Peer 1: 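Please read through the structure below; I'll follow up with questions.
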Amino acid sequence: MTEHVPPVTQASTGAGSRRPSGRADDADVIVVGAGPAGSTTAFYLAQAGLDVLMLEKSAFPREKVCGDGLTPRGVRALVAMGISVSEQDGWVRNKGLRVIGAGKRLELPWPELSSYPGYGLVRPRTDLDQMLARRAQQAGAKLREGVTVTGPVLDERTGRIAGVVAKEADGERTYRARVIVAADGNSSRLSVAMGLRKRDDRPLGVAVRTYYTSPRHDDDYLESWLDLWDGDRLLPGYGWIFGMGDGTSNVGLGLLNTSAAFGHTDYHALLRKWLAGMPGEWGFTEENRTQPIRGAALPMGFNRTPHYYRGLLLAGDAGGMVNPFNGEGIAYAMESGEILARTIAQALARARRSETERVLAGYPQALREAYGGYYSVGRVFVKAIGRPELMRFATKHAMSRPALMRFALKLLANLTDPGGDATDRLVNGLSKLAPNPK
Ligand SMILES: Cc1cc2nc3c(=O)[nH]c(=O)nc-3n(C[C@H](O)[C@H](O)[C@H](O)COP(=O)(O)OP(=O)(O)OC[C@H]3O[C@@H](n4cnc5c(N)ncnc54)[C@H](O)[C@@H]3O)c2cc1C
């Protein structure tokens, strides 16, 4: 084992706290992964005065396969962290969602609410993730890039996670902390090493995306296409076209695991087939493609639980927090990071170990209160649209009823005010009434 430490991109290295065993910790909290979940967790922890160390396997700026779209929910999370979201700072705003399906086209503005802004954003993840990581550093978090966590260090006496083993440029080393956060994305190697696998009773999506130079690059609506066909079967999922404002459009599609086609679909072929039906002047052709077609999984509706297990806490995709209705994950990664950081800050302020433990153990319940009922409704939705005849029926009927689609937008994007108008109360009521299993 080597004592080499890769460059710390924040000046302070912090002495860390001392364990009862006398061994010095590297930080109060270690956050594994500096995507939106990890950086947001680290930001709020640092703001609360804790010594926090993020370990990230890549080096910023780095690519992340994504649609690059943020609904007003994502905008709210950015604003809460003090990030400027003005157009002068390179953000591309959108007014709402344009839905195309069953031969119709509807433009649905984002709802007017007090809880969320009335606009969404688009930003490449290469920029967004770096910006969030730097924001966490500004708040005082330490970040080590090029550090791949390979497994947990367990306390021999209690079996709890007490640190992590990491592979670095020139060897392996261990890092220790009082609390460890897994924010290492969909595969969450750390969760798996602790025995936490994905649940097969929860939804999962797969999506692919690429970029094309296109005159549609400055579209001020996010666009989603409901007509994805596998022969004569309408598939549960959608295609998207998001203008990046830089001469290109992010174009992709995602499918849910509730369809028979899931697992044996050639996603690249499906994307090409779907795009072949688009007007030629939009430019979605091979010559205009600027990036390879890349894909990844979308872990939805709490598809890895428990969110607290033997000292390890899960945030974002690691905990399967993507919204099953629309595949949005950035906002939920950031929100779960904030909920988690506030829980940890309270827990570490308690005098006795048993009290700390009690507070940490409350994190899964806090998540269930935030999303549990809503995700339960989402699981029913995902199952229903996995049946091609139901998907076809729903698309056809909803698309000819704009008022119903405005309600659907609130439900699918999880955008309501507490109290709110009749549609808000209906969406909120559904989530409240739904069973909220562990
Ligand atoms: C094709 C596609 C399109 C999507 N489109 C959208 C969209 O338009 N809008 C939206 O809101 N969501 C979208 N999502 C979902 C969204 O990308 C995720 O939900 C979001 O990135 C989750 O953030 P996270 O921080 O939990 O995980 P990630 O963003 O995956 O970050 C995890 C971080 O952990 C690091 N890491 C992983 N393993 C280790 C390790 N062993 N050691 C150290 N570091 C490690 C990774 O390098 C990474 O930086 C899309 C997903 C896909 C696949």
Side-chain angles (χ1 to χ4, degrees), residues 30-42 53-75 77-78 94 97 120-126 128-130 132-133 143-152 164-168 175 181-193 204-210 222 224 237-242 244 250-255 267 271 293-300 303-304 314-323 326-337 340 413-414:
I30 288 173
V31 177
V32 178
S39 292
T40 307
T41 309
L53 172 63
M54 284 190 284
L55 303 176
E56 167 57 49
K57 72 176 177 189
S58 58
F60 292 107
R62 61 106 177 86
E63 186 192 14
K64 161 78 179 86
V65 177
C66 189
D68 305 320
L70 292 153
T71 69
R73 216 177 164 100
V75 181
L78 291 169
N94 54 71
L97 187 68
L121 294 168
V122 171
R123 188 88 192 221
R125 290 291 297 273
T126 19
L128 177 75
D129 289 22
Q130 170 161 278
L132 291 174
L143 168 66
R144 286 171 200 239
E145 301 175 47
V147 177
T148 302
V149 169
T150 53
V164 293
V165 182
K167 214 167 67 201
E168 303 177 351
Y175 292 92
V181 172
D184 48 350
N186 163 61
S187 320
S188 192
R189 190 169 176 172
L190 187 58
S191 305
V192 173
L204 184 77
V206 167
V208 293
R209 70 92 173 97
T210 186
L222 298 179
S224 97
Y238 66 88
W240 70 81
I241 302 171
F242 296 167
M244 302 299 296
N250 179 318
V251 180
L253 58 84
L255 287 188
Y267 289 85
L271 182 70
I293 301 172
R294 295 220 163 90
L298 294 127
M300 299 170 158
N303 95 346
R304 186 180 276 112
L314 278 49
D317 276 13
M321 302 207 200
V322 173
N323 180 344
N326 67 354
E328 177 183 18
I330 299 167
Y332 298 91
M334 295 179 72
E335 289 177 10
S336 61
L340 176 52
N414 199 5

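Atoms within a ligand are numbered from 1 in the order they appear, just like the ligands themselves. Worth saying up front: this structure is predicted, and the values here are computed from it rather than measured.
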Peer 1: Out of all atoms in ligand 1, which are within 4.0 Å of some heavy atom of I330? Include the element for each.
Peer 2: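 Contacts of ligand 1 toward I330, numbered from 1: 9 (N), 10 (C), 11 (O), 12 (N).
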Peer 1: Just go through G33, A318, A183 and tell me whose heavy atom is the nearest to atom 32 (C) of ligand 1.
Peer 2: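 Among G33, A318, A183, the closest heavy atom to atom 32 (C) of ligand 1 comes from A183.
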Peer 1: Quick one: look at F242 and ligand 1, take heavy-atom pairs under 4.0 Å, and tell me if it's side chain, backbone, both or neither.
Peer 2: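 F242 to ligand 1: side-chain contact only, backbone stays beyond 4.0 Å.
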Peer 1: Enumerate the atoms of ligand 1 whose separation from the nearest heavy atom of G316 is less than 4.0 angstrom.
Peer 2: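 Answer for ligand 1: 26 (O).
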Peer 1: Please confirm whether the backbone N or O of A333 pairs with a side-chain atom of S336, one donor and one acceptor, at under 3.5 Å?
Peer 2: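 Yes, S336 side chain to A333 backbone: donor-acceptor pair under 3.5 Å.
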Peer 1: Looking only at protein heavy atoms, identify the closest one to atom 29 (O) of ligand 1 and say how far it is in Å.
Peer 2: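 Answer, as residue, atom name and distance: R125 NH2, 3.0 Å.
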Peer 1: Counting from 1, what ligand 1 atoms have a heavy atom of C66 closer than 4.0 Å?
Peer 2: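 Those of ligand 1 that fall under 4.0 Å from C66 are 2 (C), 3 (C), 4 (C), 5 (N), 6 (C), 7 (C), 13 (C), 14 (N), 17 (O), 50 (C).
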Peer 1: Just to confirm my output: which protein heavy-atom neighbour is closest to atom 8 (O) of ligand 1, and how far is it?
Peer 2: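 Result: G69 N, 3.1 Å.
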Peer 1: Can you give me the closest heavy-atom contact between A166 and Y175, atom names plus distance?
Peer 2: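 Distance-wise, the nearest heavy atoms are CB-CE1, 3.9 Å.
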Peer 1: Between R62 and ligand 1, is there a nitrogen or oxygen pair with a distance under 3.5 Å?
Peer 2: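 N/O-N/O distance under 3.5 Å: yes.
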Peer 1: Which of the atoms of ligand 1 are close to D68, meaning less than 4.0 Å from one of its heavy atoms?
Peer 2: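 Going through ligand 1 atom by atom, the ones under 4.0 Å from D68 are 8 (O).
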Peer 1: I need the minimum non-hydrogen distance between L204 and A297, along with the two atoms involved.
Peer 2: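 For L204 versus A297, the nearest heavy atoms are CD1-CB, 4.3 Å.
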Peer 1: Relative to the heavy atoms of G327, which atoms of ligand 1 are at a distance of less than 4.0 Å?
Peer 2: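 The list of qualifying atoms is 12 (N), 13 (C), 14 (N).
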Peer 1: What heavy-atom pair brings G69 and I330 nearest, and what distance separates the two atoms?
Peer 2: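 Closest approach of G69 to I330: O-CD1, 4.2 Å.
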Peer 1: Of all the non-hydrogen atoms in the protein, which one sits nearest to atom 35 (C) of ligand 1, and at what distance?
Peer 2: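 The answer is E56 OE1, 3.2 Å.
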Peer 1: Looking at L340 and A315, what are the two nearest heavy atoms and their distance?
Peer 2: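 Smallest interatomic distance, heavy atoms only, reads CD2-CB, 3.9 Å.
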Peer 1: Distance from M54 atom CE to I30 atom CD1, nearest 0.5 Å?
Peer 2: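 It is 12.5 Å, given to the nearest 0.5 Å.
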Peer 1: Tell me, which protein residue and heavy-atom name are nearest atom 26 (O) of ligand 1, and how many Å apart are they?
Peer 2: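 Closest protein heavy atom to atom 26 (O) of ligand 1: D317 N, 2.8 Å.
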Peer 1: Decide side-chain contact (heavy atoms from CB on, under 4.5 Å) for V65 and R209; before the verdict, give the C-alpha distance in whole Å, the side-chain angles of both, and the deciding distance to 0.1 Å.
Peer 2: CA-CA 7 Å; V65 177; R209 70 92 173 97; 4.0 Å; yes
Peer 1: What is the closest protein heavy atom to atom 45 (C) of ligand 1, and at what distance does it sit?
Peer 2: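 The protein heavy atom lying closest is K57 CG, 3.8 Å.
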Peer 1: To which protein heavy atom is atom 27 (O) of ligand 1 closest, and what is the distance rounded to 0.1 Å?
Peer 2: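 In this structure, atom 27 (O) of ligand 1 has G185 CA, 3.6 Å as its nearest protein heavy atom.
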Peer 1: Does R304 reach the main-chain N or O of A318 with its side chain, forming a donor-acceptor pair under 3.5 Å?
Peer 2: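 Flag set: sc R304 to bb A318 pair under 3.5 Å.
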Peer 1: What part of A333 sits under 4.0 Å from ligand 1 if we count only heavy atoms: the side chain, the backbone, both or neither?
Peer 2: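 Only the side chain of A333 comes within reach of ligand 1.
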Peer 1: Going by distance only, is there an N or O of G38 that falls short of 3.5 Å from an N or O of ligand 1?
Peer 2: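 So ligand 1 has no N or O lying under 3.5 Å from an N or O of G38.
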Peer 1: How far is atom 30 (O) of ligand 1 from the closest protein heavy atom, and which atom is that?
Peer 2: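 Answer for atom 30 (O) of ligand 1: K64 CE, 3.4 Å.
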Peer 1: Can you check whether G35's main-chain N or O pairs, donor with acceptor, with D129's side chain at less than 3.5 Å?
Peer 2: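 Such a contact is absent between D129 side chain and G35 backbone.
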Peer 1: Mark yes or no for whether S188, through its side chain, and D184, through its backbone, hold a donor-acceptor pair below 3.5 Å.
Peer 2: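 Pair absent, no side-chain N/O of S188 close to backbone of D184.
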Peer 1: Going by heavy atoms, is G252 under 4.0 Å from ligand 1?
Peer 2: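 Contact absent.
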Peer 1: So which bit of L55 gets within less than 4.0 Å of ligand 1, heavy atoms only: side chain, backbone, both or neither?
Peer 2: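 The backbone, only.
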Peer 1: Can any side-chain N or O of Y267 pair as donor or acceptor with the backbone N or O of L253 at less than 3.5 Å?
Peer 2: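 Not confirmed, Y267 side chain does not pair with L253 backbone.
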Peer 1: Give the atoms of ligand 1, by number and element, whose distance to some non-hydrogen atom of V147 is under 4.0 Å.
Peer 2: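 This gives 42 (N), 43 (C) as the contact atoms.
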Peer 1: Can you find a pair of side-chain heavy atoms, one from L128 and one from C66, that are under 4.5 Å apart?
Peer 2: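 A side-chain contact under 4.5 Å is absent here.
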Peer 1: Suppose I only count heavy atoms of G35 and a 4.0 Å limit; which atoms of ligand 1 are within that range?
Peer 2: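 Listed by number with element: 25 (O), 31 (O), 33 (C), 49 (O).
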Peer 1: Looking only at protein heavy atoms, which one is nearest to atom 12 (N) of ligand 1, and how far off is it?
Peer 2: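 Looking only at protein heavy atoms, the one closest to atom 12 (N) of ligand 1 is G329 N, 3.0 Å.
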Peer 1: Going by an N to O cut-off under 4.0 Å, is there a salt bridge joining K64 and E56?
Peer 2: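 Salt bridge between K64 and E56, a charged N being under 4.0 Å from a carboxylate O: no.
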Peer 1: So for ligand 1, is L298 a polar contact partner (N or O within less than 3.5 Å, distance only)?
Peer 2: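 Between L298 and ligand 1 (N or O atoms, distance only) the closest approach is not under 3.5 Å.
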Peer 1: Considering all heavy atoms of both residues, which atom of N250 and which atom of W240 are nearest to each other, and what is their separation?
Peer 2: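 Heavy atoms only, the tightest pair is OD1-NE1, 2.9 Å.
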Peer 1: Looking only at distances, please establish whether an N/O atom of ligand 1 is found under 3.5 Å from an N/O atom of D129.
Peer 2: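 D129 vs ligand 1: no N/O contact under 3.5 Å.
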Peer 1: Tell me whether G67 has any N or O atom under 3.5 angstrom from an N or O of ligand 1.
Peer 2: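 Among all N and O atoms of G67, at least one is under 3.5 Å from an N or O of ligand 1.
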Peer 1: Where does D184 meet ligand 1, judged by heavy-atom distances below 4.0 Å: at the side chain, the backbone, both, or neither?
Peer 2: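 For D184, backbone and side-chain atoms both sit under 4.0 Å from ligand 1.
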Peer 1: Which of the numbered atoms in ligand 1 are below 4.0 angstrom from a heavy atom of A207?
Peer 2: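 Per the distance check, 1 (C), 2 (C).
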Peer 1: Check whether any N or O atom of A37, backbone or side chain, sits under 3.5 Å from an N or O atom of ligand 1, and answer yes or no.
Peer 2: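 Between A37 and ligand 1 (N or O atoms, distance only) the closest approach is under 3.5 Å.
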Peer 1: Taking only Lys NZ, Arg NE, NH1 and NH2, and the carboxylate oxygens of Asp or Glu, determine whether R294 and E63 approach each other closer than 4.0 Å.
Peer 2: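 Judged by the 4.0 Å cut-off on N to carboxylate O distance, R294 and E63 do form a salt bridge.
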Peer 1: So which atom in M300 and which in N323 form the shortest heavy-atom distance, rounded to 0.1 Å?
Peer 2: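 Taking every non-hydrogen atom into account, CE-O, 4.1 Å.
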